[in-house]
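Notes follow once the structure below has been shown.
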There are 2 protein chains.
Amino acid sequence: MKTKPISVVIADSQYLIRLGLRHLFEGQSRINVVDDATRSDELMEAVLEHSPDVVIFDHDKPSHFKMEDISAVKRISPHTNFLIISSDDKKESIFRVLQEGSLSFLTKECDEEEIISAVIATSKGEKFLCNKVIDVILDKHVAKEEQTCAPTNLTTRELEIVKLTAQGLSAGKVADQLYLSPHTVYTHRKNIMKKLGVNSASELIVYAINNGL
Amino acid sequence: MKTKPISVVIADSQYLIRLGLRHLFEGQSRINVVDDATRSDELMEAVLEHSPDVVIFDHDKPSHFKMEDISAVKRISPHTNFLIISSDDKKESIFRVLQEGSLSFLTKECDEEEIISAVIATSKGEKFLCNKVIDVILDKHVAKEEQTCAPTNLTTRELEIVKLTAQGLSAGKVADQLYLSPHTVYTHRKNIMKKLGVNSASELIVYAINNGL
DNA sequence: CACTTATTTGGAATTAATCTAAATAACAAA
DNA sequence: TTTGTTATTTAGATTAATTCCAAATAAGTG
């Protein structure tokens, strides 16, 4: 009971990378490289002809490939999934290609084992991100959390009020919720806004949400 | 040239989970379960005795384990890495345990292959997050695009007003910005709130931010 | 105790927002 | 063209929300 091998198109401007990947997959009966491409138009042709399970893609050279190629390919071959193997590990790039519709992202430092696992996962429609990429993604979030802690000169009561306010409750509603006079809430809010350097309740909401409160 | 097996302590309040994991690792010569624990104090004892490479941990039952256990263990045995296998896949929980110092996170839906890969990666000090967890982490960024499209019954003018409002501007400021009467802004806002089903300008801001406008 | 900080509140004045009602423009359908 | 729909704009009267000013209370610290 042998399953069909995973068909792969390699889209990378660098010859040595293509060679290396082909060599790597030769030892893998589950993975079958059906074509490769050095530019966007070649990629489109290859996808139209083979409708591969996975495209291994590097957007690093804008003269050869663009990030938009990902969504373009997905339009003409929706079942095709993308595995990015790129040395471009900038945060923006990672989010960008994931938004364009690629599932997986490895950097060029990743080893054979990781690449093969990634191709298999990607062909099944699963995400696969290597450690370095996960670090970059988490960085953003974990760093954000800490920022949350930093500007908390706020007292416990003030924090309560920020949280409720950031849920869209009016001062009156917040007062009801906490069994306080609306005036109390106004005073707290005034102090909070002073501490956080914002000028209106609306800005306070924006601030609170953007800082994860 | 055989490498030393990876020593694992299982910390989970549920007997069946512990049994299942032990059974799973029995077929793996590279992984050796040295002890298990049902509560924090048992975990500390086990770690002191064995100083394991990996602790498989579920913080789901606060009466048995707490998230702080992770950093506590790391203090007495710094080389020990944590793999969380928990059904608690809330975003906050995931970030929390990662901040506490655990490297990896699987949900209880993950299969054998994924668990074993995760144990091996974790023992080497690498991160391993399963698809579901990555989805949760990415959700904020990637889901943005799709949610943005859905609730746009809004006219272009209405969208302009939502955007400015969601930046914390008052109706008057928005009116100035767009060279309109404040009344116009109020009317638009009323219509927008009706369309989106929210009851106040504050809720509108919350809604707008959470839907990426 | 004196001092600071957090918390609470009210009355008066001000500002923002809602309700009601309607005019104008654009645009497609009859 | 006329009719109807939708988007856009606005004002007056009314109501609700907020700010300003001033201060009382409670808790904790030196």
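The sequence lines fix the lettering, A, B, ..., with proteins before strands; numbering per chain opens at 1. Treat the numbers as computed from the prediction; the structure is a model and nothing was measured.
- B:Arg157 has no side-chain polar atom (N or O) that falls below the 4.0 Å cut-off from OP1 or OP2 of D:dT6.
- In this structure, the side chains of B:Leu19 and B:His23 stay at 4.5 Å or more apart for every pair of heavy atoms.
- Residue B:Asn191 contributes atom CG, which lies 12 Å from atom P of C:dC19 at whole-angstrom precision.
- Closest approach to the A:Thr156 side chain among D:dC20, C:dT7, D:dT18 is made by C:dT7 (side chain taken as heavy atoms from C-beta onward).
- Heavy atoms from other residues, nucleotides or ligands lying under 6.0 Å from NZ of A:Lys74 number more than 12.
- We find that NZ of A:Lys190 is positioned 16 Å from P of C:dT15, with the value rounded to whole Å.
- Applying the 4.0 Å criterion to OP1 and OP2 of C:dA16, one finds that B:Arg189 has every side-chain N and O outside that range.
- Within the structure, every side-chain polar atom (N or O) of B:Thr187 is placed at least 4.0 Å from both OP1 and OP2 of C:dA22.
- Comparing B:Ala201 and A:Ser181, the nucleotide of DNA chain C nearest to each residue sits closer to the 5' end for A:Ser181.
- Counted by atom type alone, A:Asp60 and A:Ser87 present one or more donor-acceptor pairs between their side chains at under 3.5 Å.
- Between A:Glu158 and B:Asn199, the one whose closest nucleotide on DNA chain C sits nearer the 5' end is A:Glu158.
- Ring geometry, B:Phe57 versus B:His59: the interplanar angle falls under 30°, so the pair is classed parallel (tilted spans 30 to 60°).
- Atom CD1 in B:Ile161 sits roughly 10 Å away from atom C1' in D:dT9 (whole-Å rounding).
- Rounded to whole Å, the distance from CD1 on A:Ile205 to C1' on D:dT18 is 14 Å.
- Of the residues near DNA chain D, B:His188 and A:Ser170, the one whose nearest nucleotide (by heavy atom distance) lies more toward the 5' end is B:His188.
- Proximity of A:Tyr186 to the phosphate of D:dT19: no side-chain N or O atom is located under 4.0 Å from OP1 or OP2.
- Across the protein-nucleic acid pair, B:Leu169 atom CG and C:dA16 atom C1' stand 14 Å apart, rounded to whole Å.
- We find that NZ of B:Lys194 is positioned 14 Å from C1' of C:dT18, with the value rounded to whole Å.
- In this structure, A:Leu169 and A:Thr165 have side chains that are not in contact, with every pair of non-hydrogen atoms separated by 4.5 Å or more.
- The distance from atom CG of B:Asp176 to atom P of D:dT10 is 12 Å, rounded to the nearest whole Å.
- Between B:His183 and D:dT9 there is no side-chain N or O to OP1 or OP2 distance below 4.0 Å.
- Note: CG (B:Leu178) to C1' (D:dT9) measures 12 Å, nearest angstrom.
- Listed pair B:Thr184 / D:dT10 meets the phosphate criterion, a side-chain N or O lying under 4.0 Å from OP1 or OP2.
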